[in-house]
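Have a look at the structure below before the remarks.
In the text below, chain A, chain B and the rest are named by the order of the sequence lines, each starting its count at 1.
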Number of protein chains: 2
Amino acid sequence: RQGCVDMNHGAGGRAGMQLIEEVFARAFDNEFLRQGDDGAALPAPPPGHRLVMATDGHVISPLFFPGGDIGALSVHGTVNDVAMMGAQPLYLSASFILEEGFALADLKRVVDSMAAAARQAGVPVVTGDTKVVERGKGDGVFIATTGVGALPPGRRLSGALARPGDVVIVSGTIGEHGVAVLSQRESLEFETAIVSDTAALHGLVADLLAAVPEGAVRCLRDPTRGGLGTTLNEIARQSGVGLLLDEAAIPVLPQVDAACELLGLDPLYIANEGKLVAIVAPEVAEAALAALHAHPLGQRAARIGVVQADDHRFVQMTTRFGGRRVVDWLSGEPLPRIC
Amino acid sequence: RQGCVDMNHGAGGRAGMQLIEEVFARAFDNEFLRQGDDGAALPAPPPGHRLVMATDGHVISPLFFPGGDIGALSVHGTVNDVAMMGAQPLYLSASFILEEGFALADLKRVVDSMAAAARQAGVPVVTGDTKVVERGKGDGVFIATTGVGALPPGRRLSGALARPGDVVIVSGTIGEHGVAVLSQRESLEFETAIVSDTAALHGLVADLLAAVPEGAVRCLRDPTRGGLGTTLNEIARQSGVGLLLDEAAIPVLPQVDAACELLGLDPLYIANEGKLVAIVAPEVAEAALAALHAHPLGQRAARIGVVQADDHRFVQMTTRFGGRRVVDWLSGEPLPRIC
Ligand SMILES: Nc1ncnc2c1ncn2[C@@H]1O[C@H](COP(=O)(O)OP(=O)(O)OP(=O)(O)O)[C@@H](O)[C@H]1O
Ligand SMILES: Nc1ncnc2c1ncn2[C@@H]1O[C@H](COP(=O)(O)OP(=O)(O)OP(=O)(O)O)[C@@H](O)[C@H]1O
Ligand SMILES: [Mg+2]
Ligand SMILES: [Mg+2]
Ligand SMILES: [Mg+2]
Ligand SMILES: [Mg+2]
Ligand SMILES: [Mg+2]
Ligand SMILES: [Mg+2]
């Protein structure tokens, strides 16, 4: 029992308070969390800015995978959703649901990684919550993070704003996160290691948006669950347009391609946690690509397609062999618990 | 399988999109959620206001209990933590973790109740997330809600601000929530029904704060897990003071008293979800009580004690028999999964 989460840690008494102080508050330490009240009182965004709010639950299995763990992922995922709105992420909250019997050493490892990711991103965890469920009613640890950001005046990015002629850009190679997690789960060993791309994208987004006039970036989206294929279908649907992709232009690492071949998967439907899709006005496409290329997280950015008028809102792709096929929504066997 | 949550609902494809549209978006419907992007873009608080952010995971078992369910509770819990900071709650986010096999009819019931609670509180669910875990890795549904609120200029409420001479007030009878949940869990039937007090307290807080000068309410706190006894210990610890309570003044419904006697529980350590503790300056205690009494949720508000200097930070209580005892932090058998 010693060294494990027990029901007492969630009952609202002294054991929970000690866990919060020794594990969470110590790792996340910042002036807001230190207030120690029912919530955190925080400086508001600069005048004229609006708020952005985004939330994600993280239930990934396994908790530790090549390139990351649930802690870092829970910061990156929410920072990225805030950033995709064109906002500067300011604050995070974190709700932990622990399973009875979960090793405190693993919890510490997760929390320390989360704290490091938050610190690196410059986005503090300002308030939190800790609940415990009985053995067999949870899975080690779930983390729900919510982010609040500041949206500058006049900025509007939305999946509803793509229009025919716009250019589709992806910020780098796709599929690493999902393949890294699956390979860990199935204990597969590939010749070349595949590590998750999990990363906070708000710096990349800031550089991109600074490089082009306001309004020229129509939409940003992180292709997480469902992968690039599903994300592009979401945008096509929201904007009432079609997309035409060029398969040969979509960057995929050779080892990811090989692993997908082996596993019978299509990289287009594999989750990413450190990539973005940008739909941009054609006249800024070059400038946007240049801005992405200049950032460490955008070096393999590529123009992968165009937006076109299409009442059917189809995402189509010119294949390597010169044919054309529809890239549908994710269907068939799901890849669960990937984020 | 039909009519149940399956792994596909969490995989990021079409099934998940349909679940979100048909169950969540329909129930929560509001202009912000309708944006349908990675997060919600929201009007900022009025100029000069700060932000408040609070989060809670909800893992209550059973999901439905006399007087409420996990959906309503998840709104009330977070609205209340925002309100305890003295802020006006503005927006909620909701992260759902669903267990494979959970009945969609139960999910709809929970979501509809949550939507009704949000609407009644006037605080919309502006963004959300839906994940699915395998059977045996969750427990039906967990909901993590985060609230953002607006804190007026110059307002500061904190558990650290209680000072000797201040008066301790509770807004009503204690113990109903925990006893209602326990009785449902243990299939106990009491002669008089005991229903949870779950309620949103921001209206009550607004009336209280409007009735007294800024600064006269030192601290507000909702005595949830751990009950009134633990909450008062938290405040004593944070402020570096002692508290002296008057047992006879603490309002408890007779049926709650009877149930606690039967179950060997102390109402002081039972969770509440629609009550607050206020520490107020002595000169405003009467006005504060009058403001609480004038609100439907504060009719049984009572002055239950005073703050006193005490380096040991003890919470003590004058018992009904004229003795004095220490009211310690919650210890002994925990009451888990109560919220
Ligand atoms: N995992 C965590 N990480 C960081 N801070 C946490 C964490 N869990 C709790 N806290 C902080 O500890 C304090 C107490 O949290 P707690 O959840 O007990 O309060 P509460 O929400 O008012 O109670 P309840 O959860 O019973 O409604 C808060 O300041 C909260 O922000
Ligand atoms: N339970 C829910 N209640 C309300 N809205 C929801 C819920 N789940 C998802 N949504 C909304 O549906 C849209 C898509 O959510 P989704 O979680 O798929 O996006 P994402 O966070 O970008 O992806 P991922 O979760 O894979 O990182 C968002 O606008 C989100 O606010
Ligand atoms: Mg509270
Ligand atoms: Mg996301
Ligand atoms: Mg809490
Ligand atoms: Mg996203
Ligand atoms: Mg709370
Ligand atoms: Mg999400």
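Ranked by heavy-atom pairs under 4.5 Å with chain B, the list A:Gly159, A:Gly86, A:Gly36, A:Gly229 is led by A:Gly36. Each of A:Ala83, A:Ala11, A:Ala40 has some count of heavy-atom pairs under 4.5 Å with chain B, and the biggest count is that of A:Ala40. For chain B, the option among A:Val133, A:Leu151, A:Val52, A:Val148 with the highest count of heavy-atom pairs below 4.5 Å is A:Val133.
Residue contact with chain A, scored on non-hydrogen atoms closer than 4.5 Å, is absent for B:Pro47. For chain B, the nearby part of A:Val126 is the side chain; its heavy atoms alone come within less than 4.5 Å. Residue contact with chain A, scored on non-hydrogen atoms closer than 4.5 Å, involves the side chain of B:Thr230 exclusively. For chain A, the nearby parts of B:Glu134 are the backbone and the side chain; heavy atoms of each come within less than 4.5 Å. Interface remark: B:Leu161 contributes no atoms to any contact with chain A (heavy atom separation under 4.5 Å). With a 4.5 Å cut-off on non-hydrogen atoms, B:Leu220 touches chain A through its backbone but not through its side chain. For B:Ile235, no part lies under 4.5 angstrom from a heavy atom of chain A. Using a 4.5 Å cut-off between heavy atoms, A:Leu157 contacts chain B through its backbone alone, with no side-chain atom that close. Heavy atoms of B:Asp222 lying under 4.5 Å from chain A belong to its backbone as well as its side chain. Heavy atoms closer than 4.5 Å to chain A are found nowhere in B:Ala87, neither backbone nor side chain. With a 4.5 Å cut-off on non-hydrogen atoms, B:Thr130 touches chain A through its backbone but not through its side chain. Using a 4.5 Å cut-off between heavy atoms, A:Ile60 does not touch chain B at all. Contact of A:Ile97 with chain B is made through the side chain alone, with heavy-atom distances under 4.5 Å.
Between A:Met85 and B:Asp37 there is a side-chain heavy-atom pair separated by less than 4.5 Å. The shortest side-chain heavy-atom distance between B:Asp56 and A:Lys131 falls under the 4.5 Å cut-off. In this structure, B:Ser95 and A:Thr145 have side chains that are not in contact, with every pair of non-hydrogen atoms separated by 4.5 Å or more.
At a threshold of 4.0 Å, the pair A:Asp129-B:Arg225 counts as salt-bridged, since one of the basic side-chain nitrogens sits closer than that to a carboxylate oxygen.
How far CD of A:Gln35 is from CZ of B:Arg156: 7.5 Å, rounded to the nearest 0.5 Å.
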